[in-house]
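Naming: A, B, ... by sequence-line order, numbering from 1 per chain. Computation of the quantities below employed the complete heavy-atom set of this structure, encompassing side-chain atoms and omitting hydrogens, waters and symmetry-equivalent molecules.
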Amino acid sequence: MAIDLTSLNPAQLEAVLATEGPLLVLAGAGSGKTRVLTYRIAHLIGDLGVSPHEILAITFTNKAAAEMRERLSTLLREYGLGVHGMWVLTFHAMCVRMLRADAELLGFTRNFTIYDSDDSKRMFKDVMRELEIDEKTYPINGVIHRVSAAKNELMSASEYVAKASAPLDKKAGQVYARYQQRLLSANAMDFDDLLVNAYRLLSENPAVLSAYQQRFRYLSVDEYQDTNHAQYRITNLLAAARNNLMVVGDDDQSIYSWRGADLRNILDFEADYPQATVVKLEQNYRSSARILAAANAVVANNPNRKPKTLFTANAEGEKISSYLAADERDEARFIAGEVEKLVRDEDRRYTDFAVFYRTNAQSRVLEDALLRAGVPYRIVGGTRFFDRAEIRDVMAYLKAVVNPADEISLKRIINTPKRSIGGTTVERVEEVARERDIAFEDALRLAVDDDRHRSGAQTAIAGFIALMDELRSFEGDLRDVVELIVARSGLIESLEAERTEEATGRADNIREFFGVVAEFAAAHEAPDLSAFMEWLALRTDLDTLTEEDDYVTLMTVHTAKGLEYPVVFVAGLEESIFPHQNSIFASDGGGLEEERRLAYVAITRARERLYLSHAHARSIYGSTQHNPPSRFIGEIPSEHVSASGVGSLGVSGSGWEKRGDRHGTFGHGAGTGAGGGRVFGSGASKAVSGTGFGSGGGAKKPQQPAETFAVGDVVDHKAFGRGRVASVKGDALEIRFDRTGETKKLLVGYAPIVKIKN
DNA sequence: CATACCGCATACTGG
DNA sequence: ATGCGGTATG
């Protein structure tokens, strides 16, 4: 029984059937590349008898990996086949898996720790202090950036030092060399090292490489336009024996050059693999004709681009709405109001909507407006649960338990909670560690009998060492182990002892973390602490996006790559926001082209409706800016756009008529656009005066009699479920919600909450 | 050694 | 606006 491929179009089918030899699939936005990737693997397994064990599929995110695995399972189940043994992973996850198996070959142990950017920065800081390099003269972020860029290029510290001529480069080279030494002694790798070390493992150990080459007969890499040089070299090594390499990508969606992605990897594929089959997927199945036309028109302005035009058989669809807001709060209210209106008038669900922005800093005001309007939402990315200090403290304990050499984690927890081991003591221990070339923890053990320390410090250090030994002795069920470690650490007790709302909240966050442990344990076979730490290191917020709950999704445009929604809002389309300031002034203009590709990505996420908004005035970073509308709005043919907002009201004396005219998209259909003639500008001014919020569905809410709330009351929120009142300041409530563990600020009379009991 | 406060830098995207 | 590091003080 053959896999049913009849649903594929001719180009898709060609790609699915081109299993042998190199294959380049140039897949435009919404052209069904995920279908191609999954059907091709299903075809390999179901029709060609390839074992799942022989297949490696590299994806851009864990979420994409999980989805591909799921889709394949579903497809193959009908044929009595499965995906067991197949590797569907991101580059980073694949590298970790390879490195765990053979860490010893590189001088690490399999318990090595993965340092995230925060840990890594602390290490950079330590190194610069050790080398007495002044951070004021040599900014640490510049050093970090240079080292990271060098690693992405697979340039070693010694190669970097040899090439460095400018003072900052020379210093960066010194730091790079020492940083790597110290990572090695800490048995730790940063994110870049995962790639670099995996490359080293494969290129320096022919037996290891050969084993993978023999195993993985078929290899595919998605989002190839966003691979960096290290990933490119790893790919080529793995594919070299058989050349059954499929890469999929779209040069118009390359948006990660700032972290080393190199467009040449996809542009030069045919030169790298002269026998390559090339398939172009140019039919878009996702978006309305107008949305696609807008996307095509915008990206066509990039001068250095392979010309192409996607087409679609989809209906024309609604015009694209552009909204000029008075300010960022008005913009947010407009979005919340439109969501409620479409939910009401078009019977849409909240999950149909996504709001994109260029920078995370824009999310706050959007969040605020959605909250006030009672629209359930979820922010993906940004400052996450796992970035909170108390959670990082817990994770540092766990890392130090798994990897005793992890000096960064040890230094984080040695005096957290307070144990009277201060900076002076730690510095002295570090000196000993450096002089004798021993691990930080071993130097700590020596310090107990080192009379250069005060006797109080010696006792405190002895206590800390005893604690670490105890923590490492715990065995058994993962959740029990984590709870025991946290309990013995004293973190929760010390927070509770503060007796402030804030500290209590942070203690609750730690308890919430136990729920994460339980979730992990439930979802994995044989969960142990080191597997959990690895999962934590590589997980992202995006991975937890589910379709179970009904909510509007908020995220940056970068995060939105690969996703699609029926209704998309792109907020903050202003010069210096999107395109971002730093790209406008970039010397080569490449930055601006990447911004335009980013706009292209944003637009092509939309299936049915697209809203582009910008604000007359915007407070950001503590001051107010007045930016002209984004050039990207002006690049959309005006027949596809309908404009509304304060500009269409003819606000006098603001100078906005002029700006609108200059861009050509305003003044056409002003006030009569897809908003159905609804003018949100007036709602905005009302809200400012405190008599009402937003429009649409929010209208009824303020009419509810205002209940009174007291600390400790249990409430139920329309979107967030059950919670407890943590504080009351006039009309402003802080409510801690059970489901998320987060504390939200809500306003009495506006927030959709009901008191359950007091 | 801990804490409080002040001045200053930082402020885009992320595995 | 915010957070961090440095410094003065207890």
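In this model, the phosphate group of dT13(B) is not approached by any side-chain N or O of Asn582(A) to a distance below 4.0 Å at OP1 or OP2. Taking side-chain N and O atoms only, Asn360(A) has a distance below 4.0 Å to OP1 or OP2 of dG14(B). When the side-chain nitrogen and oxygen atoms of Thr540(A) are compared with OP1 and OP2 of dG14(B), none of them lie within a distance under 4.0 Å.
Base pairing analysis places dC8(B) opposite dG3(C); the two distances defining the Watson-Crick or G-U wobble pair are each below 3.5 Å. A 3.5 Å limit on both hydrogen-bonding distances identifies dA2(B) as the Watson-Crick or G-U partner of dT9(C).
The CZ atom of Arg597(A) lies 7.5 Å from the CG atom of Asp252(A); values are rounded to the nearest 0.5 Å. One distance of note links OG1 of Thr559(A) with NZ of Lys63(A); it measures 11.5 Å at 0.5 Å rounding.
Counting only heavy atoms from C-beta on, Thr559(A) has its side chain closest to dG14(B) among dA2(B), dG15(B), dG14(B). Side-chain proximity of Lys418(A) to dT3(B), dG14(B), dC1(B): nearest is dT3(B). Nearest to the side chain of Asn141(A), among dT2(C), dA11(B), dG15(B), sits dA11(B). The side chain of Thr359(A) approaches dT13(B) more closely than any other nucleotide in the set dC1(B), dG15(B), dT13(B). Between dG15(B), dA2(B), dC12(B), one nucleotide has an atom nearer to the side chain of His92(A) than all others, and that is dG15(B). Nearest to the side-chain atoms of Ala457(A) among the listed nucleotides dT13(B), dA11(B), dC1(B) stands dC1(B).
Rounded to whole Å, atom C1' of dG15(B) lies 17 Å from atom CE of Met555(A). Note: NZ (Lys136(A)) to P (dT10(B)) measures 9 Å, nearest angstrom. Note: CG (Asp543(A)) to P (dG14(B)) measures 13 Å, nearest angstrom. Between Gln362(A) atom CD and dA1(C) atom P there is a gap of 18 Å when expressed in whole angstrom units. In this entry the distance linking CG of Asp118(A) with P of dG14(B) reads 16 Å, nearest Å. The interatomic distance linking Gln581(A) (CD) with dT13(B) (P) rounds to 15 Å, in whole Å. If you measure from atom CZ of Arg358(A) to atom P of dG14(B), you get 9 Å, rounded to the nearest angstrom. In this entry the distance linking CD of Gln625(A) with P of dA1(C) reads 14 Å, nearest Å.
For the pair Thr556(A) and Ile421(A), nearest-nucleotide mapping onto DNA chain B gives the more 5' position to Ile421(A). Comparing Arg419(A) and His558(A) against DNA chain B, the residue whose closest nucleotide sits nearer the 5' end is Arg419(A).
We find that the ring of Trp258(A) and the base of dC12(B) do not stack by the test of centres under 5.5 angstrom and planes tilted less than 30°. For dA11(B), the base is not stacked against the aromatic ring of Tyr621(A), per a cut-off of 5.5 Å between centres and 30° between planes. An aromatic stacking contact between His580(A) and the base of dT13(B) is absent, as defined here by ring centres under 5.5 Å apart and ring planes under 30° from parallel.
Side-chain contact check for Arg618(A) versus Thr624(A): every heavy-atom pair is 4.5 Å or farther apart. Between Leu89(A) and Thr59(A) there is no side-chain heavy-atom pair separated by less than 4.5 Å.
When heavy atoms are screened at a 4.0 angstrom cut-off, Asp192(A) is found touching base atoms of the nucleic acid. Counting any heavy atom pair closer than 4.0 Å across all strands shown, Arg454(A) reaches sugar-phosphate atoms only and no base atom. Within the nucleic acid shown, Thr61(A) has no heavy atom closer than 4.0 Å to any nucleic acid atom. No engagement by Phe91(A) is indicated, since no non-hydrogen atom pair under 4.0 Å with the nucleic acid exists. Looking at heavy-atom distances under 4.0 Å, Ser623(A) makes no contact with the nucleic acid at all. Heavy atoms of Lys125(A) sit under 4.0 angstrom from primed sugar atoms or phosphate atoms, though from no base atom. Across all strands shown, Ser619(A) has no heavy atoms under 4.0 Å from either base or sugar-phosphate atoms.
Between Phe385(A) and Phe513(A), the ring planes lie parallel to each other; the angle is under 30°, not in the 30° to 60° tilted range.
Phe112(A) carries Arg100(A) over the face of its six-membered ring, with the cationic atom under 6.0 Å from the centre and within 45° of the normal.
Exactly one of Glu595(A), Glu574(A), His580(A) qualifies for a side-chain hydrogen bond (donor to acceptor under 3.5 Å, both in side chains) with Arg358(A). That residue is Glu595(A).
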